[in-house]
J.: 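Here it is: the structure, laid out below.
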Protein chains: 2
Amino acid sequence: MPRLDESLLTGLPPFSRLGRDQIREILDQAASRRYDEGTAIFEEGFEADRFYLLLDGYLRVVRTTEGGEQIIVLHISPGQLFGIAPALQRNTYPATAVAAAESLALSWPVGLWERFTREYEGFATESYRTLGQRLGQIQDTLTEMATQAVEQRVASAVLRMANQSGRKTDEGIEIAFPVTRQNISDMTGTTLHTVSRLLSRWEKDGVVRSTRKHIVVTDPHRLVLLSDPQG
Amino acid sequence: MPRLDESLLTGLPPFSRLGRDQIREILDQAASRRYDEGTAIFEEGFEADRFYLLLDGYLRVVRTTEGGEQIIVLHISPGQLFGIAPALQRNTYPATAVAAAESLALSWPVGLWERFTREYEGFATESYRTLGQRLGQIQDTLTEMATQAVEQRVASAVLRMANQSGRKTDEGIEIAFPVTRQNISDMTGTTLHTVSRLLSRWEKDGVVRSTRKHIVVTDPHRLVLLSDPQG
DNA sequence: CCGCGACGTTGCTCTGAAACAAACTCCCGG
DNA sequence: CCGGGAGTTTGTTTCAGAGCAACGTCGCGG
């Protein structure tokens with residue numbers, strides 16, 4: 001196994017206050033692994049034995065109902081910690097993490113969490129900040145679900161993905177990982193049919209361009225209007 | 001101002017590992033205040049300058065949209081910490097807390113948070129456990145919103161309140177704080193009309209008994225069935 | 001290069017629940 | 001004891017979006 005390079009972690013918020021030697025220490029304890037698109041990194045309800053950092057790729061955090069329906073709670077971008085159940089004194093993962101694109105992640109045994117928070121300055125602070133942001137995000141989604149119509153919710157979901165993972169191209173903002181209509185319907189609590197119809201309409205109106213599993217927002221401003229109740 | 005009695009805190013999870021003298025210390029730094037039904041303890045977006053513990057009563061945690069609609073994210077029961085923004089490195093409250101019934105709460109300036117977690121054994125652990133539970137709860141609600149029909153959601157909401165605050169009476173399980181149809185519709189993302197119709201039907205079927213702002217679940221088992229998609 | 005499975009589109013139907021409307025009842029304060 | 005506001009009920013209308021159905025299309029693996 002090749003030694004991991006220190007530059008992987010320098011600059012990432014949880015480690016930004018640390019010196020070279022500390023980062024070395026942390027890396028030497030990490031396991032690194034690649035995940036194919038569609039693979040689960042860990043599953044809801046299973047024993048939380050490791051915590052993770054996404055180095056590259058994108059993840060979907062997913063919950064499944066008894067009825068087999070699933071909903072996408074949030075996405076994880078490179079540089080973010082995830083599976084941080086130990087931070088909340090949980091011993092099982094509260095949701096499943098699936099690679100939305102080919103991904104690369106580091107992980108450490110939960111046993112080290114306590115030591116990381118104690119010994120590495122800024123680690124605890126930044127981890128809890130992340131958690132706070134995530135909690136806020138979920139509350140936003142919940143509010144949206146409860147109050148907005150389907151079209152607004154789908155528009156918001158697309159915007160959220162574009163903001164989080166968007167690359168600017170000459171065509172517009174491109175979502176950096178593969179997304180199906182079904183995925184979007186799982187984010188918004190609707191059906192793939194409705195999503196398909198909306199995207200078709202938007203495409204006709206010149207707001208987005210989309211092919212299989214691939215969406216470019218060509219007119220973000222108009223999409224923002226669509227995400228707003230008074231259109 | 002009368003000295004607060006130590007028995008108020010003994011036995012509550014965040015303080016259960018502490019001795020008499022430490023509890024004394026904590027109480028001596030606390031402000032205690034009573035809130036009338038309907039009063040806000042703090043508001044969304046305002047500077048988070050204190051954190052709180054609910055001693056008696058019940059709270060609703062509420063978010064309001066720009067459009068003026070509101071949704072109830074969760075309820076707080078006696079003995080729980082709330083407004084613990086500092087635990088997540090936030091400097092504003094992410095939601096509004098409103099007294100659902102006349103309530104009594106202690107509070108401390110945020111500046112003390114760091115000291116509490118450092119000096120009082122078990123405080124940090126228990127606070128983060130609470131947060132973890134709350135996050136899980138919100139995710140459940142989100143999943144429910146996204147996948148269940150209105151009747152199921154309303155049934156779940158009523159059950160949740162009954163479980164959290166229920167007193168057993170000879171009639172059934174009584175929700176311990178005032179709830180209007182509007183409140184329930186704010187928990188479930190529907191209208192007070194629909195909630196009223198559902199409660200009327202359930203009352204006819206002998207599942208609940210309700211008067212103004214007051215609900216008794218007479219047949220919890222049947223309500224559980226109603227909360228399940230396959231009835 | 002072909003076939004199959006995953007993904008996407010579009011039409012049609014039907015219903016749950018929102019929207020609109022109106023009236024009733026309880027309770028508090030003056 | 002009266003008036004008014006907050007909470008509740010019930011009826012009617014309307015339509016967004018789910019459900020069902022069928023077909024089109026892309027791209028991978030054999």
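Note on naming: letters A, B, ... go to the chains in the order of the sequence lines (proteins, then strands), and numbering restarts at 1 for each one.
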J.: Whole angstroms only, please: what is the CD1-C1' distance between B/I215 and D/dG7?
T.: 12 Å
J.: B/R153 has an atom CZ; how far is it from atom C1' of C/dA18, in whole Å?
T.: 12 Å
J.: Have a look at B/L192 and say if it touches a base, only the backbone sugar-phosphate, or nothing, with a 4.0 Å heavy-atom cut-off.
T.: base
J.: Output all residues satisfying ring-ring contact (aromatic ring centres under 6.0 Å, His included) with B/F177, sequence neighbours left out; order by chain, then residue number.
T.: B/Y58, B/H75
J.: Starting at CD of A/Q182 and ending at P of C/dG5, how long is that distance when rounded to a whole Å?
T.: 19 Å
J.: Taking only residues two or more places apart in sequence, or in another chain, which ones meet A/F51 in a ring-ring contact (aromatic ring centres under 6.0 Å, His included)?
T.: A/W108, A/W113, A/F116
J.: Mind checking side chain to side chain contact (heavy atoms under 4.5 Å, CB included) for A/L192 and listing every partner two or more places apart, or none if nothing turns up?
T.: A/R181, A/Q182, A/S185
J.: Going by salt bridge (Lys or Arg N to Asp or Glu O under 4.0 Å), name the residues that satisfy it together with A/D140, two or more places apart in sequence or in a different chain.
T.: B/R63
J.: For A/E37, what residues pass the salt bridge (Lys or Arg N to Asp or Glu O under 4.0 Å) criterion, not counting sequence neighbours?
T.: A/K213
J.: Under the ring-ring contact (aromatic ring centres under 6.0 Å, His included) rule, collect the residues that match up with B/Y35, sequence neighbours excluded.
T.: none
J.: Between A/L198 (CG) and C/dG8 (C1'), how many Å, whole number?
T.: 14 Å
J.: By salt bridge (Lys or Arg N to Asp or Glu O under 4.0 Å), which residues pair with A/E203, not counting sequence neighbours?
T.: A/R209
J.: A/R201 CZ to C/dG8 C1': how many Å, rounded?
T.: 17 Å
J.: Would you mind building the protein contact string for nucleotides 20-30 of chain C? One character per nucleotide, 5' to 3', B for base within reach (heavy atoms under 4.0 Å), S for sugar-phosphate only, - for untouched.
T.: BB---BB----
J.: Just the rounded figure in Å: distance from C1' of D/dT8 to CH2 of B/W202.
T.: 16 Å
J.: For B/S196, report the nucleic acid contact type (base, sugar-phosphate, nothing); a contact means any heavy atom under 4.0 Å.
T.: base
J.: Going by salt bridge (Lys or Arg N to Asp or Glu O under 4.0 Å), name the residues that satisfy it together with B/E6, two or more places apart in sequence or in a different chain.
T.: B/R20, B/R24
J.: B/E203 has an atom CD; how far is it from atom C1' of D/dT8, in whole Å?
T.: 12 Å
J.: Can you name the side-chain hydrogen bond (donor to acceptor under 3.5 Å, both in side chains) partners of A/E174, sequence neighbours left out?
T.: A/H214
J.: Would you mind reading off the distance between A/H214 atom NE2 and D/dC26 atom C1', rounded to a whole angstrom?
T.: 15 Å
J.: Is any side-chain N of the basic residue among A/D170 and A/K168 closer than 4.0 Å to the acidic one's carboxylate O?
T.: no
J.: To 10°, what angle do the rotation axes through the five end pairs on each side of the helix from C/dC1-D/dG30 to C/dG30-D/dC1 form?
T.: 40°
J.: Are B/F82 and B/I41 side-chain neighbours, meaning at least one heavy-atom pair lies under 4.5 Å?
T.: yes
J.: Report, one pair per line, the protein and nucleotides 13-17 of chain D atoms (nitrogen or oxygen only) whose separation is under 3.5 Å.
T.:
unit_1: D/dG17; atom_1: OP1; unit_2: A/V150; atom_2: N; d: 3.0

